[in-house]
Amino acid sequence: MSVLRTSLAVTLAALALGACGNRAELKLAPDQTSPPIPYGREVQPGADDLLKPPAQAVPARNVEPRRRSQDREDDPFDLPPEG
């Protein structure tokens, strides 16, 4: 019974700590300066712009999944293992 009570207490503590995240706007510390402007940009990006991943990091899916069985096209790179 004590193992169940201990695991329940640990789970509740983990949930309580996980729910106390800070949702305030990001700001620089008083002794810090902002990073230099990236090459090719005229305006310093804000914190929200820097936190957004570029399109290459999270590409959009542009292929629909197959709805029914279809013959696959010949793949020239599908080679048997060397032997």
Applying side-chain contact (heavy atoms from CB on, under 4.5 Å) to Pro54 and not counting sequence neighbours gives Ala57

What is the distance from atom CG of Asp49 to atom CD of Gln44, rounded to the nearest 0.5 Å?
10.0 Å

For Ala29, which residues count as a side-chain contact (heavy atoms from CB on, under 4.5 Å) partner, sequence neighbours excluded?
Asp31, Gln32

Using side-chain contact (heavy atoms from CB on, under 4.5 Å) as the criterion, list what pairs up with Pro38, not counting sequence neighbours.
Arg41, Pro45

Report yes or no: does Glu42 contribute a side-chain atom to a donor-acceptor pair with the main-chain N or O of Ile37 at less than 3.5 Å?
no

